[in-house]
Amino acid sequence: MFRGVVGRLLTQTVGVHRSVKCAPPAASSVSVRSFVDVKDEAQPPFDAALLDFLVCPLSKKPLRYEAKTNELINEELGIAYPILDGIPNMIPQEARLLHKDANTSTKPTED
């Protein structure tokens with residue numbers, strides 16, 4: 001019984017491949033995007049309305065948008081999530097650690 005099912009499956013598959021004809025590629029009606037030009041394109045703007053819904057995946061706290069660096073900032077944890085092509089990358093492993101000011105260090109003072 002198993003041989004009969006496998007045999008029919010193989011003959012039907014081979015029959016399908018024989019009856020399908022490959023069409024030639026269409027004339028240049030489809031534009032092809034070159035990756036060389038991507039560097040020169042401006043980044044799409046980030047929709048600030050998303051800040052009403054987005055929270056940090058680690059602390060569940062609201063985020064702040066920094067237009068200068070194009071990142072979402074979590075000041076509590078000191079991390080910044082990048083925004084690529086207008087889409088926030090909220091993967092914690094991809095976040096950048098922010099450097100704290102040297103004046104706010106927790107070194108004990110000597111008396």
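Just so it is clear, the structure is predicted and the values come from calculations on it, not from any experiment.
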Does any N or O in the side chain of Asn70 come within less than 3.5 Å of the main-chain N or O of Ile83, such that one atom is a donor and the other an acceptor?
->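 At least one qualifying donor-acceptor pair exists.
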Shortest non-hydrogen contact between Phe46 and Pro88, atoms and distance |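 Looking at all heavy atoms of both residues, the closest pair is CE1-CG, 3.5 Å.
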Can you give me every donor-acceptor pair (side chain of residues 48-59, partner residue at least two apart or in another chain, under 3.5 Å) with its distance?
residue: Ser59; atom: OG; partner: Lys61; partner atom: N; Å: 3.4
residue: Ser59; atom: OG; partner: Asn74; partner atom: ND2; Å: 3.0

Please list, chain by chain and in numerical order, all residues satisfying ring-ring contact (aromatic ring centres under 6.0 Å, His included) with Tyr81, sequence neighbours excluded.
->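 In terms of ring-ring contact (aromatic ring centres under 6.0 Å, His included), with neighbours along the sequence ignored, Tyr81 is linked to no residue.
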In terms of hydrophobic clustering (I, L, V, M, F, W, Y; side-chain heavy atoms under 4.5 Å; direct or indirect links), are Ile73 and Ile91 co-clustered?
->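 Different clusters: Ile73 never reaches Ile91 through Ile, Leu, Val, Met, Phe, Trp or Tyr contacts under 4.5 Å.
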Distance (rounded to the nearest 0.5 Å) between Glu71 CD and Leu98 CG |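 Result: 7.0 Å between the selected atoms.
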Using the test side chain to side chain donor-acceptor pair (under 3.5 Å), find all partners of Glu94 that sit at least two apart in sequence or belong to another chain.
->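 Once residues adjacent in sequence are excluded, Glu94 has no partner under the side chain to side chain donor-acceptor pair (under 3.5 Å) criterion.
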